[in-house]
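What follows is one structure encoded as structure tokens, with my remarks underneath.
The chains referred to below are lettered A, B, ... by the order of the sequence lines, with proteins before strands, and numbering in each begins at 1. All figures in this text were calculated on a predicted structure; none of them were measured in a lab.
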Amino acid sequence: MAPRRDLVPWPTDPADALALQEGLRRLVVAAGSPEPAHVAGLDAAYSTDGGTVFGAAAVLVSPSLGFVEGATAAVPATFPYIPGLFAFREGPALLAALDRLTCRPDLLMVHGHGIAHPRRCGVASHLGVVTGIPSVGVADTLLCGEAGETGASRGSAAPVTEKGEVIGCAVRTRAGARPVYVSPGHLIDLAGAVRVVLQTSPRFRTPDPLRAAHRLAVLARNTAASR
DNA sequence: GCGACAG
DNA sequence: ATCTTGTCGC
């Protein structure tokens, strides 16, 4: 799948962002079963004044989950937080961090939703289409749809549906902890997305790539704050 | 019209 | 997301 970097830069006006998202949604492919070696976790942190977004990308190699490389980028926050348009707020910083990596990861694991989104085009799908790299969305709470009851043991999953359409899965990545919500971003199906999440979260609720990315983002923010 | 609403 | 200490529980 060819990259669509031509679909950036990012609009500043919510109405324009919505229009762009409506176009992007038609390019999303929630199918495929990649077996990624290099998984890049993508997350962001914000400056205290909320004026800067620190995007981070952390690459881990499968199946050892060893750290390979990381990168961060500080970008001015030019778009407000609007549920459904999250990609336009964090996307620029995440993409900037991704551009600073030495290697091209085989899969992007994004903190946020993929197709479990009102228009089936969450930040994970958005970044997948823009980069042409298979992507998965992992979120802490639902944005839309309803989740079935998840079994108590690690590995159990229950579908997230909206109007009868399966758009994701609630996945128990750790016994005793709330499930995470997984959905395909781009170039991967739901089963594949759940598989990758479970393979990368052997011990903690949050998959290792996202934990690493979170640490990098917070570190970058605190480093910038203390100078 | 009234809620709900990723980070 | 972020402002914020200690505290309850496994």
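As judged by a 4.0 angstrom heavy-atom cut-off over every strand, A:His111 is placed among residues touching the sugar-phosphate backbone only. Residue-level contact check: A:Leu85 touches the bases, meaning some heavy atom is under 4.0 Å from a base atom.
The backbone N or O of A:Arg205 sits nowhere less than 3.5 Å from a side-chain atom of A:Ser201 that would complete a donor-acceptor pair. Between the A:Arg25 side chain and the A:Arg119 main chain, a donor and an acceptor come within less than 3.5 Å of each other.
Rounded to an integer number of Å, the gap from A:His214 NE2 to C:dA1 P is 6 Å. The CG-C1' distance, from A:Leu142 to B:dC5, rounds to 11 Å in whole Å. The distance between atom CZ of A:Arg89 and atom P of C:dT2, rounded to the nearest whole Å, is 11 Å. C:dC10 atom C1' lies 18 Å from atom CZ of A:Arg205, rounded to whole Å.
Looking at DNA chain C, no stem turns up: there is no run of 3 or more consecutive Watson-Crick or G-U wobble pairs with key distances under 3.5 Å.
The stretch residues 156-170 of chain A has no heavy atom under 4.0 Å from DNA chain B, so no residue of it qualifies as close. Taken residue by residue, residues 44-60 of chain A places no heavy atom nearer than 4.0 Å to DNA chain B.
With B:dG7, B:dA6, C:dT2 as the choices, the nucleotide that has an atom nearest any side-chain atom of A:Asp140 turns out to be B:dG7.
For the pair A:Arg221 and A:Tyr46, the NZ or CZ position fails the cation-pi test of under 6.0 Å to the six-membered ring centre and within 45 degrees of the ring normal.
For the residue pair A:Tyr181 and A:Leu142, the shortest heavy atom distance occurs at CD2-CD2, 3.4 Å.
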Chi angles and distances behind the ring-ring contact (aromatic ring centres under 6.0 Å, His included) call for A:Phe86, A:His113: CA-CA 9 Å; A:Phe86 188 49; A:His113 293 290; 9.3 Å; no
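Look at A:Arg120 and A:Glu162 and you find a salt bridge, because one of the NZ, NE, NH1 or NH2 atoms lies within 4.0 Å of a carboxylate O, short of that distance. One finds no salt bridge joining A:Arg215 and A:Asp43 here, because no Lys/Arg side-chain nitrogen approaches an Asp/Glu carboxylate oxygen to under 4.0 Å.
Centre separation under 5.5 Å together with a plane angle under 30° holds for the ring of A:Tyr81 and the six-membered base ring of B:dG7, marking them as stacked.
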